[in-house]
Amino acid sequence: MTDFLGIYFPEFFYVLCGLVCFVTAYRAGKNESARVGTILFWTLTGIIFMFGRALPSAAVGGMLIIMGCLTVTGQVKMGKFEESTPQFRQAASERIGTKIFLPAVTVGLIALILSFVKYDVIKDGVATPTALNGAIMTGVACIIALILAFAICKPKISETKEDTSRLLMQVGAACLLPQLLGALGSVFAEAGVGEVISGMISSVVPQGNIVVGVIIYVFGMVIFTMIMGNAFAAFTVITAGIGVPFVISQGGNPAVIGVLGMTAGYCGTLMTPMAANFNIVPCAVLETKDPKWAVIKAQLPMALMMIAVHIVLMLLLGF
């Protein structure tokens, strides 16, 4: 059971992701331009998702470099898709109404419920309660949401395949940015970037000043998240370099400081185009006039207010 839930079951959802990428690669064969590059990009993406666990790390890294070169040289294109008529969209809108939001809500709700599910991992005769793998929670939630969407919208299978490829090609290489940035955070942590940052900060921040330590920690999380585009990638580096020596070691509650540190990073997520899945992908999907900054401009005032709120909460609740 432990191997099934920890290894094999999560791989099932990665295989499904790979199949979607292969379908998109096949659809790219209809492109009028950059056909070869687009097919190669989505084929390599599918291979990484489906066989990533079995492939050598160097092979995966080489494929990622090829995919990056294809993207930079403009060899990954969306292609042309047949648009539905305004009359069809209006009729579908009137028929489905607000029920269209149910599948999206279902994803978050089911994933939240599954986050409370635990199973025992036995090591050296000791059973340790362990949460489900994130891929399991998200994958099960998405499959349930897909079934619900089919029940509500009753689409044709051919339309579903076409729209899935269209959406994935519309997002493009940005769909891989969160995974790459998360991996980069692990590389930074292994390289000792946190210790370097700690050494730099210790030369300018007076030891024992809790207020200054909290401010530096919060802004460090915000700024590094803006650079990395991912609060998870920033958390390990900044918490090790600033949070532990300048906040937690001064008497801060590790649980409270850690939680607020992570959410402080999310303030940076709201303000950076590097967080492509949050700030760039919606612009591409909605085809906004400002494809890079529209979402960020709307979120900026709230993000700035939340930075101040995090500083106050960390000082009041963390000590």
Side-chain angles (χ1 to χ4, degrees), residues 1-28 38-68 70-71 76 103-104 106-115 117-119 121 130-150 157 160-161 163-187 228-233 236 275-278 281 285:
M1 177 62 75
T2 298
D3 288 343
F4 175 75
L5 291 176
I7 300 176
Y8 303 116
F9 197 25
E11 286 300 311
F12 168 74
F13 298 107
Y14 291 126
V15 169
L16 291 181
C17 292
L19 290 175
V20 171
C21 292
F22 289 144
V23 171
T24 303
Y26 176 78
R27 175 59 178 77
T38 306
I39 292 174
L40 182 58
F41 179 88
W42 291 113
T43 300
L44 291 176
T45 304
I47 291 173
I48 292 174
F49 270 110
M50 187 172 289
F51 305 108
R53 179 177 287 274
L55 292 173
S57 299
V60 175
M63 286 189 283
L64 288 173
I65 291 174
I66 294 173
M67 291 162 62
L70 291 172
T71 303
V76 182
T106 299
V107 173
L109 182 61
I110 297 298
L112 177 63
I113 293 172
L114 292 178
S115 68
V117 176
K118 308 287 184 181
Y119 68 99
V121 174
T130 305
L132 292 174
N133 186 289
I136 295 177
M137 293 186 286
T138 306
V140 170
C142 287
I143 289 177
I144 293 174
L146 178 63
I147 295 172
L148 183 60
F150 267 98
I157 297 298
T160 303
K161 289 171 54 180
D163 284 344
T164 299
S165 296
R166 177 185 61 79
L167 183 61
L168 193 56
M169 293 173 75
Q170 191 173 17
V171 174
C175 68
L176 298 178
L177 195 55
Q179 296 94 310
L180 295 177
L181 292 173
L184 184 59
S186 299
V187 172
M228 300 291 292
N230 189 305
F232 290 98
T236 303
N277 52 327
F278 291 106
V281 170
V285 172

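Here the structure is a predicted model, which is why all the values come from computation and not from measurement.
Residues passing the ring-ring contact (aromatic ring centres under 6.0 Å, His included) test with Phe13 are Phe9, sequence neighbours excluded. With sequence neighbours excluded, the residues forming a side-chain contact (heavy atoms from CB on, under 4.5 Å) with Ala59 are Pro56, listed by chain and number. With sequence neighbours left out, the side-chain contact (heavy atoms from CB on, under 4.5 Å) criterion links Ala141 to Val107, Ile110, Ala111. Leu64 pairs by the side-chain contact (heavy atoms from CB on, under 4.5 Å) definition with Ile48, Val60, Met67, Leu180, not counting sequence neighbours. A search for side-chain contact (heavy atoms from CB on, under 4.5 Å) contacts involving Phe51 returns Ile47, Leu55, not counting sequence neighbours.
Atom CZ of Phe22 has more than 12 heavy atoms from other residues, nucleotides or ligands within 6.0 Å. In Tyr26, the OH atom is not crowded: 12 or fewer heavy atoms of neighbouring residues, nucleotides or ligands sit closer than 6.0 Å.
Taking CG of Asn133 as the start and CG of Leu114 as the end, the distance is 11.5 Å to the nearest 0.5 Å. Remark: Leu40 CG to Thr45 OG1 distance equals 9.0 Å, nearest 0.5 Å. A distance of 12.0 Å separates CE of Met137 from SG of Cys142, quoted to the nearest 0.5 Å. Here OG1 of Thr24 is found 10.5 Å from CG of Leu19. Values are rounded to the nearest 0.5 Å.
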Evaluate the criterion side-chain contact (heavy atoms from CB on, under 4.5 Å) for residue pair Thr43 and Cys21; output intermediate values, then yes/no.
CA-CA 7 Å; Thr43 300; Cys21 292; over 6 Å; no

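In this structure the side chain of Met169 reaches within 4.5 angstrom of the side chain of Trp42, judged on heavy atoms. Two residues are said to be in side-chain contact when any heavy atoms from C-beta on lie closer than 4.5 Å; Ile144 and Leu148 fail this criterion. Using a 4.5 Å cut-off on side-chain heavy atoms (C-beta onward), Ser115 and Leu132 make no contact. Taking the side chain as every heavy atom from C-beta outward, Leu16 and Ile143 approach each other to under 4.5 Å.
Of all heavy-atom pairs spanning Pro103 and Ala145, the tightest one is O-CB, 3.3 Å. The shortest heavy-atom contact between Leu44 and Met63 is CD2-SD, 3.6 Å. The two residues Val20 and Leu168 come nearest to each other via the heavy atoms CG1-CD2, 4.0 Å. Nearest heavy atoms, Tyr14 versus Phe49: CB-O, 3.3 Å.
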